[in-house]
Amino acid sequence: MRKYVIAGNWKMNNTPAQTRALIEEMKPLVADAKCDVVICAPYVDLAAAVEAAEGSNIAIGAENLHWAEKGAFTGEISAEMLKAVGVKYVIIGHSERRQYFGETDLTVNARLKAALAAGLIPIVCVGETLEERELGITVETVARQTKIALKDIDAAAAKGVIIAYEPVWAIGTGKVATDDQANEVNGAIRGVLADIYDKATADEMVIQYGGSMNAGNAAGLLAKEHIDGGLIGGASLKAQDFAVIVKAASK
Ligand code: PGA
C-alpha cells in the first residue's frame, strides 16, 4: 500500500512572519493525518517554517534547488544548504520553472540527482500544456519528461522519488482535470515507471496529482487508483482548505 503524500506549494507567497502564523494555524488541523503532510515554501521562509513545524507532523520542503554542490552560481541554493536548515522535501521541475525560468528535462534530471544524493525527498513535476493535450500527445509528453528526469537513477533510489502529474492547463486556472483524466495519466506514468524499472518498483512509487486540487474536488481525485496524493498550490495558502484535503487523503 502506498502512503498518500499531500504537499502544499506556496509558490512566491508569504513572509517569514506569515509563514509562522500559517503553519501554527495548520498544525492542529492536520495533527491526526494518516498521510504524509508537507509544506513547500520560498527559500527565505524555510527556517521559519522548520521552526514553526518542529514537533508536528508537517515536514518542510523547498520549491527548487541547484544541482551543483557549491560555487559561482549567483542566486542559487544547494541541496546541502536546504538540508542544513532542516528541509526534507524539494519540488523539482515545476511547470512554472519550465515555463518562465528555462528549466529543461535535463536540468530536472541534474537537480533530481543532487536531491537524492543529499537525502532530500524529491517531488518531480511532469505535465502537458493545453496545446500538447489537444494534439493528443499527453502521454508521450509525460513519458518523455519522466524518462529523462529519471535517467541514470536506479530502482532503489527511484522508490524514494515522488512524481507529481500536473497538467499545465489546470494549474492556477480553476480548471481541474476530471478524476478519470487525472487517473488515466497517472496510470500511464506508472506504466512508464514499470518500463524503466519493474512493476514492483512502479507500484511502490507515489504519483500525486496537482492542478487546482481543492477542498471540494480532492476526495474524488484521491479515491482513484493511481492518485496517491496531491501537490496543492492555491488551496495550501488557506489552513482550513488544506486541512480538508489532508483529511480526504487520510482514509
Ligand atoms: P494550483 O497549483 O493548486 O494553484 O493549481 C498547483 C501547483 O502548481 O503545484
Side-chain angles (χ1 to χ4, degrees), residues 4-14 18-19 22 26 30 35-43 45-46 49 58-65 87 89-101 103 108 111-112 115 120-130 132-133 138 141-142 145-146 149 161-179 181-183 185-186 189 206-222 224 227-249:
Y4 283 11
V5 181
I6 298 295
N9 173 14
W10 281 0
K11 310 193 178 185
M12 196 171 74
N13 291 289
N14 294 324
Q18 289 166 334
T19 294
L22 188 46
M26 284 177 172
V30 302
C35 59
D36 290 340
V37 181
V38 184
I39 289 293
C40 299
Y43 291 134
D45 295 331
L46 290 173
I58 301 176
I60 302 303
E63 299 176 9
N64 190 19
L65 85 169
V87 163
Y89 289 75
V90 62
I91 298 172
I92 297 174
H94 190 278
S95 66
E96 285 149 17
R97 299 226 50 96
R98 294 177 190 258
Q99 200 176 342
Y100 306 129
F101 303 103
E103 189 82 60
V108 168
R111 290 181 212 274
L112 179 53
L120 291 164
I121 302 174
I123 301 176
V124 176
C125 302
V126 298
E128 82 286 6
T129 62
L130 184 58
E132 288 162 337
R133 175 160 284 265
T138 295
T141 301
V142 299
Q145 293 169 332
T146 303
V161 175
I162 297 171
I163 307 281
Y165 166 54
E166 297 208 305
V168 177
W169 49 270
I171 295 176
T173 57
K175 247 192 257 170
V176 67
T178 65
D179 302 349
Q181 270 175 335
N183 188 53
V185 182
N186 278 36
I189 293 168
V206 170
I207 309 177
Q208 299 173 317
Y209 168 79
S212 298
M213 193 188 267
N214 60 36
N217 60 30
L221 287 159
L222 293 167
K224 290 289 171 182
I227 303 179
D228 313 318
L231 185 56
I232 326 291
S236 73
L237 295 169
K238 296 181 211 116
Q240 297 286 353
D241 288 11
F242 188 66
V244 170
I245 299 170
V246 167
K247 200 161 183 185

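Both ligands and their constituent atoms are indexed starting at 1 by order of listing.
Of the protein's non-hydrogen atoms, Lys11 NZ, 3.2 Å is the one closest to atom 2 (O) of ligand 1. Counting protein heavy atoms only, atom 3 (O) of ligand 1 is closest to Gly233 N, 2.9 Å.
Counting heavy atoms from C-beta on, the side chains of Leu221 and Val176 come closer than 4.5 Å. The closest side-chain heavy-atom distance from Asn14 to Pro42 is not below 4.5 Å. Residues Phe101 and Asn64 have side chains not in contact (no heavy-atom distance under 4.5 Å, counting atoms from C-beta outward).
Checked against a 3.5 angstrom limit, the closest N/O atoms of Gly210 and ligand 1 fall outside it. Between His94 and ligand 1, at least one N/O pair is under 3.5 Å apart. Considering backbone and side-chain atoms together, Glu166 places an N or O closer than 3.5 Å to an N or O of ligand 1.
The shortest heavy-atom contact between Ala177 and Tyr209 is N-OH, 3.1 Å.
The ligand atoms of ligand 1 that sit less than 4.0 angstrom from a heavy atom of Ser212 are 1 (P), 3 (O), 5 (O). Interface atoms of ligand 1 facing Gly234, defined by a heavy-atom separation under 4.0 Å, are 1 (P), 3 (O), 4 (O). Listed by atom number, the atoms of ligand 1 under 4.0 Å from Gly172 heavy atoms are 1 (P), 4 (O), 5 (O). Taking every non-hydrogen atom of Gly211 and a distance limit under 4.0 Å, the qualifying atoms of ligand 1 come out as 5 (O).
The only member of Arg98, Gln99, Arg133 that meets side-chain contact (heavy atoms from CB on, under 4.5 Å) when paired with Val168 is Gln99.
Here the CG-OH distance, from Asn9 to Tyr89, works out to 14.5 Å after rounding to the nearest 0.5 Å.
Counting heavy atoms closer than 4.0 Å to ligand 1, residue Asn9 contributes side-chain atoms (C-beta onward) but none from N, CA, C or O. Counting heavy atoms closer than 4.0 Å to ligand 1, residue Ala170 contributes backbone atoms (N, CA, C, O) but none from C-beta onward.
Looking only at distances, no side-chain donor or acceptor of Asn214 sits under 3.5 Å from a matching main-chain atom of Ala235.
Other residues, nucleotides and ligands place no more than 12 heavy atoms under 6.0 Å from the NZ atom of Lys247.
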